[in-house]
Amino acid sequence: MISKGRKIVIINQAINYLTVGLCNEFAKKFKKVSVITGNVHEQGEALNKNIEITYINKWKEKNGVRKVFIYLEALIKIFFLLITKYRNYEVFFVSVPPMAYLLNLVVKNRFSMLIWDVYPNTFKITGMNENHPVYKSWSYLNKISFKKAYKIFTISEKMLNLLSAYTSREIYVQPIWSIFQENLKVSKNNNKFLKTHNIKDKFIVQYSGNIGITHNVEILIRIAEELKNNKRILFQIIGRGPRKGILKQQVENKKLSNIMFLPFQSDDMFPFSLSAADIGVVILDEKVSKGSVPSKSYNLMSYAIPSLYISSKDS
């Protein structure tokens, strides 16, 4: 049943299949649904055609300082949209820019948020401690923001525990889900990804995802070096990020022939590349492993692919 007169705007600078799913569910309940985003990436489910899209600057995987400027530019644009075009809308914030939910401190909209990554806790990956002015300031603002929010959601019990340091109110847990709602794993005999790259009779250990500061992909190179004499095992590193060039240089310096670098695969090819993995690798730095959940975990589980998780024991 559609709520009479209710209008909502969903904020996410980089909309993926998860946000698309949320938007489509809101469209069943609200009279008007809009999104503020830098880009929409549809995988498996298309965004409802009746949902209005207002574009801001795209989110890009960049090094620290440049990423901050991308976030700040988006934050300023979001602020002006909320006090003008969307001043009479409810707001539902998701993911990026990570500080955007703090806008509920300065706008009058009813404001809810879905927390995928817990800030400022995630800053610990950079070596920032809890006494740092940025960490202390963000923590203080969290307490005010969460108290003012209409509803707060997160994606795991562990992250709920982290958020509970900032508020005593109820936080709702909604686990995320896979792109693939059915097990459509492709056999190796019919896998066009393997045929395209002329891969035969290999046991594939595959990391597919961003290569940023929270992803210690170097450990996969060290494992590959230990197993360099086993010609049957192939390590694949699929993705992009600011540290990909450094990893390639390490592989070249070590003269490792058992590692294959590939770009992110197209949406059409992704089910085939994922199906090719004999072991899927999920890596999170110990300092942020309790404040982040990689969505790739759910895609691997949906295809029943054995997985190697490299993280802290209490992640």
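All values derive from a computational prediction rather than experimental measurement. Just so you know, residue 1 is the first one in the sequence shown, and it goes up from there.
The pair Arg222-Glu225 does not count as a salt bridge, with every side-chain nitrogen at least 4.0 angstrom from each carboxylate oxygen. Taking a cutoff of 4.0 Å between a charged side-chain nitrogen and a carboxylate oxygen, Lys77 and Glu73 qualify as a salt bridge.
At least one side-chain heavy atom of Tyr303 sits less than 4.5 Å from a side-chain heavy atom of Pro271. A heavy-atom distance below 4.5 Å is found between the side chains of Phe261 and Val251. Within the 4.5 Å cutoff, no side-chain heavy atoms of Val33 are placed close to those of Glu52. Considering only heavy atoms from C-beta on, Asp278 stays 4.5 Å or farther from Ile233 through its side chain. Put simply, the side chain of Thr37 reaches to within 4.5 Å of the side chain of Ile53, judged on heavy atoms. Annotation: side chain of Arg240 is not in contact with side chain of Ile211 (no heavy-atom distance under 4.5 Å).
Note on Val106: it does not cluster hydrophobically with Tyr150, by side-chain heavy-atom contacts below 4.5 Å among ILVMFWY residues.
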Output a table of donor-acceptor pairs, distance under 3.5 Å, between side-chain atoms of residues 91-103 and any protein atom two or more places apart or on a different chain; print 'none' if there are none.
unit_1	atom_1	unit_2	atom_2	d
Tyr101	OH	Trp138	NE1	3.0
Tyr101	OH	Asn142	OD1	2.5

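Of all heavy-atom pairs spanning Ile56 and Ala74, the tightest one is CD1-CB, 3.9 Å. Heavy-atom minimum distance, Ala304 versus Pro306: O-CD, 3.6 Å.
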Next item on the list: Apply the test side chain to side chain contact (heavy atoms under 4.5 Å, CB included) to residues Ile10 and Leu22: give CA-CA distance (whole Å), side-chain angles for both, the deciding distance (0.1 Å), then the verdict.
Entry: CA-CA 9 Å; Ile10 295 93; Leu22 292 170; over 6 Å; no
Check: Run the ring-ring contact (aromatic ring centres under 6.0 Å, His included) check on Tyr172 and Phe153 step by step: do they pass?
Finding: CA-CA 5 Å; Tyr172 301 89; Phe153 301 86; 5.4 Å; yes
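Here the CD1-OG1 distance, from Ile11 to Thr19, works out to 12.0 Å after rounding to the nearest 0.5 Å. Taking CH2 of Trp177 as the reference point, atom CG of Asn299 lies at 12.0 Å (rounded to 0.5 Å). Note: Lys147 NZ to Asn104 CG = 13.0 Å, rounded to the nearest 0.5 Å. Residue Leu163 holds its CG atom at 10.0 Å from CE of Met113, rounded to the nearest 0.5 Å. The CD1 atom of Ile15 sits 12.5 Å away from the NE2 atom of His41 when rounded to the nearest 0.5 Å.
Residue pairs that meet the salt bridge (charged side-chain N to carboxylate O under 4.0 Å, His left out) test with at least one member in residues 99-111, sequence neighbours left out, are Glu90-Arg110.
Between Ser208 and Lys296, the side chains place no donor N or O within less than 3.5 Å of an acceptor N or O (distance only, hydrogens not considered). There is no side-chain donor-acceptor pair under 3.5 Å between Glu157 and Asn161. Side chains of Trp59 and Tyr71: a donor-acceptor N/O pair is present below 3.5 angstrom, by distance only. Asn121 and Tyr166 share a side-chain donor-acceptor pair at under 3.5 Å.
For Arg169, the CZ atom is densely surrounded, since the number of other residues' heavy atoms within 6.0 Å is greater than 12.
Checked options Asn258, Ile259, Ile223; the residue passing with Lys228 is Asn258 (criterion: side chain to side chain contact (heavy atoms under 4.5 Å, CB included)).
Partners of Ile199 by side-chain contact (heavy atoms from CB on, under 4.5 Å), not counting sequence neighbours, listed by chain and number: Leu194, His197, Lys202, Ile204, Leu234, Gln236, Met260.
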